[in-house]
Amino acid sequence: MSKKDIDLLKNYEILYNFFGPQGWWPADSPLEVIVGAVLTQNTSWQNVEKAIENLKRERLLDLTALVNVEQDKLAMLIKPSGYYNIKAKRLKNLITEIYKNFQDLEDIKKLSMEDARNFLLKINGIGCETADSILLYALGYPVFVIDAYTLRWLGRFDIKFSDSKRDSYHQSQALFMKNLPIDSKLFNEYHALIVRLGKEFCKKVPSCHECPFYIRAL
DNA sequence: CTCCAGGAGA
DNA sequence: TCTCCGGGAG
């Protein structure tokens, strides 16, 4: 299987028919998505939920409230999500930049996707995946989010990219976006389905016999 | 004990 | 290219 052989739209149908809609991103507001995107960096979502609940209880899921909260207090509240000192700093960086440049989150949507992406990537603590997650799941831009699950899944079709993290991110992202209709709803569901597959079947030690792609190949 | 919806610093 | 950040759950 080479890069030009894989039928990404067909594989989407297989995943969707097997798992059904995933309902990403679970949140009450775009700001909650943005906060969650930072908190979930290399961290299970289950732990992020505890941190989000703490922030809700303190009425901190609000742009001005987050601008004003002490970083140390923020760190204590998000402790369940791990890396809490770094993530508190990253959240402050992100929220401060958003607040400085936009009065309202909706105003970011006035930017082109490239401008919004560059704005986010300039912020310390926001890499490609976090930026694209925010663009897609908080702001609705049609960008395909890549993560470790995605690269592992492609690798098991013998589709491999550069050793460089950054290069493999953009190469695999280009593969999806060149071979799929540019549709934020599709990109939203597809990434969520790949994560679901990666957690349940396409694991580090894979459960190939249960996998929808293995079953289909029989 | 390992793993997790990553990213920065050196 | 390593190393660190880290609590929670299996």
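Here is how names work: the chains are called A, B, and so on, in the same order as the sequence lines, proteins then strands, and each is numbered from 1.
Nucleotide B:dC4 holds its P atom 21 Å from the CD1 atom of A:Ile78, rounded to whole Å. The CH2-P distance, from A:Trp45 to B:dG6, rounds to 11 Å in whole Å. The interatomic distance linking A:Asp147 (CG) with B:dG6 (C1') rounds to 10 Å, in whole Å. Note: NE2 (A:His170) to C1' (B:dG6) measures 14 Å, nearest angstrom. In this structure, A:Glu49 atom CD and B:dC4 atom P are separated by 17 Å, rounded to whole Å. Atom-to-atom, NZ of A:Lys79 to P of B:dC4 comes out at 24 Å; the value is rounded to the nearest Å. Atoms CG (A:Asn47) and P (C:dG6) sit 14 Å apart, rounded to a whole Å. Rounded to an integer number of Å, the gap from CG of A:Asp132 to C1' of B:dG7 is 14 Å.
A:Lys185 and A:Glu189 are joined by a salt bridge, as a carboxylate oxygen and a charged side-chain nitrogen come within less than 4.0 angstrom of each other. Of the charged side-chain nitrogens involved, none lies within less than 4.0 Å of a carboxylate oxygen, so that A:Lys122 and A:Glu97 do not count as a salt-bridged pair.
Looking at A:Thr43, its side chain comes within 3.5 Å of the base of C:dG6 through a donor and an acceptor atom.
The partner of B:dC1 is C:dG10, by the rule that a Watson-Crick or G-U pair needs both atom distances under 3.5 Å. In a base pair of the Watson-Crick type (N1 to N3 plus N6-O4 or O6-N4) or a G-U wobble (N1-O2 and O6-N3), with each distance short of 3.5 Å, C:dC4 is matched with B:dG7.
Note on residues 62-102 of chain A: pairs passing ring pair (Phe, Tyr, Trp, His ring centres under 6.0 Å), not counting sequence neighbours, are A:Phe102-A:Phe119. Screening residues 39-75 of chain A for ring pair (Phe, Tyr, Trp, His ring centres under 6.0 Å), with sequence neighbours left out, gives A:Trp25-A:Trp45.
Using a 4.5 Å cut-off between side-chain heavy atoms of Ile, Leu, Val, Met, Phe, Trp and Tyr, with links allowed through other members, A:Leu121 and A:Val33 fall into different hydrophobic clusters.
If you check B:dA8, C:dG7, C:dC5 against the side chain of A:Tyr83, the one that comes closest is C:dC5. Among C:dA9, C:dG8, B:dG6, the nucleotide with an atom closest to any side-chain atom of A:Gln46 is C:dA9. Closest contact between the side chain of A:Gln41 and the listed nucleotides C:dG7, B:dG6, B:dG9 involves B:dG6. Of the candidates B:dG6, C:dG7, B:dA8, the closest approach to any side-chain atom of A:Asn124 belongs to B:dA8.
For the P atoms, the distance from C:dT3 to B:dT2 is 16 Å, rounded to whole Å. A gap of 23 Å separates the P atoms of C:dG8 and B:dG7, to the nearest Å.
Here A:Asn85 lies in heavy-atom contact (under 4.0 Å) with sugar-phosphate atoms only. At a threshold of 4.0 angstrom between heavy atoms, the contacts of A:Ile126 are confined to the sugar-phosphate backbone, with no base atom among them. In this structure, A:Lys204 reaches the sugar-phosphate backbone alone: every heavy-atom distance under 4.0 Å involves primed, P, OP1 or OP2 atoms, never a base. A:Ser133 comes within 4.0 angstrom of nothing in the nucleic acid, heavy atoms only.
Between A:Arg152 and A:Cys128, it is A:Arg152 whose nearest contact on DNA chain B lies nearer the 5' terminus. Between A:Asn42 and A:Lys50, the residue whose closest nucleotide on DNA chain C is further toward the 5' end is A:Asn42.
Of the N and O atoms on the side chains of A:Arg90 and A:Asn93, not one donor lies less than 3.5 Å from an acceptor on the other residue.
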